[in-house]
Protein chains: 2
Amino acid sequence: MQAAKASTGATRGLGGRSRVTIADVAEDLGVTKSTVSRALNGYPDIAEATRLRISRAAERLGYRPLSHAQAIRTGRVRSLGLVLQIDNEDSARPFLANFIAGVTQAASLENWTITIATAEDEQGVRETLSRLVDEHKADGFILPRTLLQDARVETLRAQNVPFIMFGRTADPTGCAWYDIKGEDALRTATTRLASLGHKRIAHVPGGAEYTYSKLRIEGYRDGLAAAGIAYDPELIAPPAMNRRAGDSATRALLALPEPPTAITFAVDRAALGAYQAAHALNLRIGADISVIAYDGVPEGAYANPGLTTFEVNSRQAGERLATMLIERIRGTPPEELRELAPPTLVERGSDRPPRLTSAALAERLKTQTNI
Amino acid sequence: MQAAKASTGATRGLGGRSRVTIADVAEDLGVTKSTVSRALNGYPDIAEATRLRISRAAERLGYRPLSHAQAIRTGRVRSLGLVLQIDNEDSARPFLANFIAGVTQAASLENWTITIATAEDEQGVRETLSRLVDEHKADGFILPRTLLQDARVETLRAQNVPFIMFGRTADPTGCAWYDIKGEDALRTATTRLASLGHKRIAHVPGGAEYTYSKLRIEGYRDGLAAAGIAYDPELIAPPAMNRRAGDSATRALLALPEPPTAITFAVDRAALGAYQAAHALNLRIGADISVIAYDGVPEGAYANPGLTTFEVNSRQAGERLATMLIERIRGTPPEELRELAPPTLVERGSDRPPRLTSAALAERLKTQTNI
DNA sequence: CCCCTTGCCGAAACCGGTTTCGGTAGTTTT
DNA sequence: AAAACTACCGAAACCGGTTTCGGCAAGGGG
């Protein structure tokens, strides 16, 4: 039957000839499996000389333990889980490659691997996540795109599985996280615009369900306060997460009786919509209307003028998240695993001193539409 | 001791309380583990009634087999491996999210998962790959970015581990693949430019190590032949994989005594360099010089004029690769797992009838530089 | 009525590791 | 010198599944 099986052309799984097992190492040295196992795992009841002999022999024979064979007893598969939501259009395209690179690199330092899965929507993410938990495909999870109320967090917390968030959430109990201080970015953006001479500065937030949207609004308001500008609720547009929504948000803001001369955006993609709107309204970005956003998407660099924005180092984020999650899995309490990193400003051409006052801008827009 | 362990604050791995095992299911029904196992895995020597009782009980108790527990005996971890090379700048940024989405989606249909890793260079990819093979982290691998001479292929072939390529390679023995017919794209691009009236059509290939570069050059030459245009080796530039190289390749081509009025590019990013070159030389893309490329990167849509290119459906590619690899792992011979998909043309503004002849273009460039 | 199949399932080995439990030899204490 | 430790390692159980082997009962053929 063996022969028949082989003749079907079926590959016999990996490593056709039987690999070297712990028993082989043990036999080679005339000790038992248990001794080898304890020696290799650093148990204290193994003589130093023995440990050395064993690790040398393991090296020489090319022994590599099978993580899934270990897992059956230890319950650790040495893998980090990552469930991504890939939805239409937006999603974190450029972000992804570097982020994954960071995660995998940090993980492989400890000889861990990444188990990755995707889903279309929140529902799908939850289902996929619990499937991975049920089948124990990973020892812990990295949660990107955290929401103020996050069902994933509650699920994992309830089931007592380790996780770390890329972002923050409303209820921090039991949570570890790494995040970029988007609030600082928006504070800086606002004060920067103010010091350029802008008096009416608007903000287009991200989706209300995301924690970062709330934080960035706070940063915007802090910036206003620091610049001594009164907060005007009219200058906060409805949420915009993509080009189209950014376009209409911009138009709405410019249609105000006292339009802003500068707009801050929670996300770059929405800011790119402002370019469309400006073009349609015959305004020039960086002259008639200034823009600062956040994310650092590559398209921003090729826009005309270049989009001034805050870049996030997603590679570093991936690295930190992976190493922190491994620590978490090894027992470090979540309260000790919380890190915030600063965003970095990338100055391009979209933010300049205002060429017109708000009133002049309003006037120009009015006469123009009358044509 | 249990208590002491728990009190360290260490999370006890996943699923704190002991999960339901195959033994639980067996005991619940008063049968043995072996019966349950065979029933659930569709062995023929289990009565239909029994199989039904067992699968119902498994469902009711919420039994999910641990893939790593199965793996220890079966040698199958139900996971597909993917080692990505993430190098500086270029790399397949936008491609990645959709590709991964496709792969994971197809894999999860069969309840398989993806184990992903990254490396900086070819050397690193090979090392990572063999580590994953040694530790049997995946049952098979998807190889993107295939080279004419691909060390990964040789390694995997030698070790008899299943794999499938995204792309083709010089020696196809034992290889399964899925690929987009880039040669067809370049053939179409060339004949299209010819029918627009272009007589001098150039080509800027990709890196010579990639299989697709060779194929696309062949497609270009086929297109020339079909259009009845003589092949001129001068019109094949040195390889260009990014904006900067595309810029200088374009300049070199335009500096020829008989410059091309149209240029085809193996990759979009290089074509975007032509926009820079054109701008610097005071030429207009889509008027003085036409361009068609290949890849479908998002920046191409925002270039001015939009870049005419061939889009690859990387999500579909991921799906096909995953399902084909699973078939391969299950024993389908590689010769039966070879698929080629057509690219789709995206018409934008970069390809138009020539405004000037080659001679006129040369004249203009000469006088211009003289200024 | 006996023998031989066939269908179905239990018993036990097995996969490759980890971990518990003792046991032996050497060393220290009394 | 006997007793009590200590350091080190072997024997065996164990983890959660899969797979081999064999046995029993029912059915069919002679």
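Convention: sequence-line order gives letters A, B, ...; per-chain numbering from 1. These numbers come from the heavy atoms of this one structure, side chains and all, not from hydrogens, waters or symmetry mates.
In this model, no donor atom of one side chain and acceptor atom of the other lie less than 3.5 Å apart for A:S34 and A:S37. Side-chain atoms of B:R152 and B:T146 form no donor-acceptor pair, as typed in the model, at a separation below 3.5 Å. Checked by atom type, the side-chain pair B:K137/B:S79 shows no donor-acceptor distance below 3.5 Å.
Look at CD on A:E135: it is 14 Å from C1' on D:dG17, rounded to the nearest Å. Look at CD on B:Q70: it is 18 Å from P on D:dC15, rounded to the nearest Å. Distance, A:I46 CD1 to D:dG10 C1': 10 Å, rounded to whole Å. Note: CD (B:E27) to C1' (D:dG16) measures 15 Å, nearest angstrom. Rounded to whole Å, the distance from OH on B:Y43 to P on D:dG17 is 15 Å. Distance A:I72 CD1 to C:dC14 P: 16 Å, rounded to the nearest Å. In this structure, CZ of B:R76 is placed 24 Å from P of D:dG16, rounded to the nearest angstrom. If you measure from atom CG of A:L29 to atom P of D:dC9, you get 11 Å, rounded to the nearest angstrom.
Contact annotation: side chain of A:D45 to base of D:dC8, donor-acceptor pair absent below 3.5 Å.
If you check D:dC8, C:dA11, C:dG17 against the side chain of B:S34, the one that comes closest is C:dA11. Considering only the side chain of B:T50, C:dC9 comes nearest among D:dT18, D:dC14, C:dC9. Between C:dT18, D:dG17, D:dG16, one nucleotide has an atom nearer to the side chain of A:K33 than all others, and that is C:dT18. If you check D:dT18, D:dG17, C:dG17 against the side chain of A:R73, the one that comes closest is C:dG17.
Put simply, B:Y63 has a side-chain N or O that comes within less than 4.0 Å of OP1 or OP2 on D:dG17. In terms of phosphate contacts, A:T74 brings no side-chain nitrogen or oxygen within less than 4.0 Å of OP1 or OP2 of C:dT18.
Note that the two end axes of the helix from C:dC1-D:dG30 to C:dT30-D:dA1 enclose an angle of 50°, each drawn from 5 base pairs, rounded to 10 degrees.
Considering all non-hydrogen atoms of both residues, A:Y63 and A:V20 come closest at CD1-O, 3.3 Å.
Formation of a donor-acceptor pair under 3.5 Å by the A:S130 side chain with backbone atoms of A:R126 is found in this model.
Classified by interplanar angle (parallel below 30°, tilted 30° to 60°, perpendicular above 60°), the ring pair A:H68/B:H136 is perpendicular.
Using a 4.5 Å cut-off on side-chain heavy atoms (C-beta onward), A:S67 and A:W112 make no contact.
At a threshold of 4.0 angstrom between heavy atoms, the contacts of B:S37 include nucleobase atoms, whether or not backbone atoms are also involved.
Mapping B:E48 and A:R38 onto DNA chain C via the closest heavy atom, the residue that lands nearer the 5' end is B:E48. Mapping B:A69 and B:T32 onto DNA chain C via the closest heavy atom, the residue that lands nearer the 5' end is B:T32.
To the nearest 0.5 Å, the span separating CD on A:Q316 from OH on A:Y178 amounts to 4.0 Å.
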